[in-house]
Amino acid sequence: MQKTHIVTFINAPREKVWDIMLSDATYRQWTAAFQEGSHFNGTWEEGTKMLFLGPSPVDGTEGGMVSMVKANRKHEFVSLETVAVYGEGKEDSESDMAKVWIGGTESYTFTDKEGGTELTVDVDIPEDYKEDMEASWKKGLAKLKEIAEAAA
């Protein structure tokens, strides 16, 4: 895994950025940069399991990642750890593909800065996916910024 660190300034209050990033309807909008139809099942409460899903480009079935919310300090910080991949209606922690992703972390830090929010994303990405995932993160965060600033 390779750690990727991305910092984005959003001209909107921290609470607004948090709500837009983590609310179902707007989450679907900004994460379309990764895959159209991306969504989550679960809550962002510390200690809970989240499913991050999207349709397979091959057959349209849902697939994605299973993560545990390791930390949640409202309007400040969220951290997730991948515990399995998801496909064919079940969690998989045994396959070679699962082993590539398991243990990876993803953290979002929201900091007040210059009347807006500095959003820092730290994410572990397997080396083979690094270039594509970094490009998707940058595109997704640009969309998040657009949505949050329009709503502010």
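Worth saying up front: this structure is predicted, and the values here are computed from it rather than measured.
Proximity of H39 to E62: side-chain heavy atoms (C-beta onward) are separated by under 4.5 Å at one or more points. Using a 4.5 Å heavy-atom threshold, the side chains of E106 and M65 count as separate. Counting heavy atoms from C-beta outward, E45 and V69 have side chains that stay 4.5 Å or more apart. A 4.5 Å side-chain heavy-atom check between F34 and M133 finds at least one atom pair inside the cut-off. By the 4.5 Å heavy-atom criterion applied to side chains, M21 and T26 are not counted as neighbours. A heavy-atom distance below 4.5 Å is not found between the side chains of T8 and L144.
Between F40 and Y27, the angle of the ring planes goes over 60°, which puts this pair in the perpendicular group of the 30/60° scheme.
In K90, the NZ atom is not crowded: 12 or fewer heavy atoms of neighbouring residues, nucleotides or ligands sit closer than 6.0 Å. By the neighbour-count criterion of 12 heavy atoms within 6.0 Å, atom CD of E36 is sparsely surrounded, having that number or fewer from other residues, nucleotides or ligands.
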What's the verdict on side-chain contact (heavy atoms from CB on, under 4.5 Å) for Q2 and E134, showing C-alpha distance, side-chain angles and the deciding distance? CA-CA 11 Å; Q2 303 227 337; E134 283 181 343; over 6 Å; no

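With respect to the salt-bridge test (charged N to carboxylate O, under 4.0 angstrom), the residues K130 and E127 do not qualify.
Across every non-hydrogen atom of N72 and K74, the tightest pair is OD1-N, 3.4 Å. Annotation for S79 and S107: closest pair OG-OG, 3.1 Å, computed over non-hydrogen atoms. Considering every non-hydrogen atom in both T117 and A12, the closest pair reads OG1-O, 2.7 Å. Of all heavy-atom pairs between G115 and N11, the closest is O-OD1, 4.1 Å. For the pair I20 and A148, the tightest heavy-atom approach, listed with the atom from each and the gap, is CD1-CA, 3.5 Å. Residues L53 and G64 approach most closely at CD2-N, 4.3 Å, considering heavy atoms.
Screening W101, W44, Y86 against F52 for a ring-ring contact (aromatic ring centres under 6.0 Å, His included) leaves a single residue, W44. For the salt bridge (charged side-chain N to carboxylate O under 4.0 Å, His left out) with E118, the qualifying choice from K113, K145, R14 is K113, the only one to do so.
Residues W137 and Y129 keep their aromatic ring centres 6.0 Å or farther apart.
To the nearest 0.5 Å, atoms CZ (F9) and CG (L119) are separated by 11.5 Å. Atom CG of D24 is separated from atom CD of Q29 by 10.0 Å, given to the nearest 0.5 angstrom. The line from CG of L22 to OG1 of T43 is 11.0 Å long, rounded to the nearest 0.5 Å.
A donor and an acceptor atom, one from each side chain of T105 and D124, are located under 3.5 Å apart.
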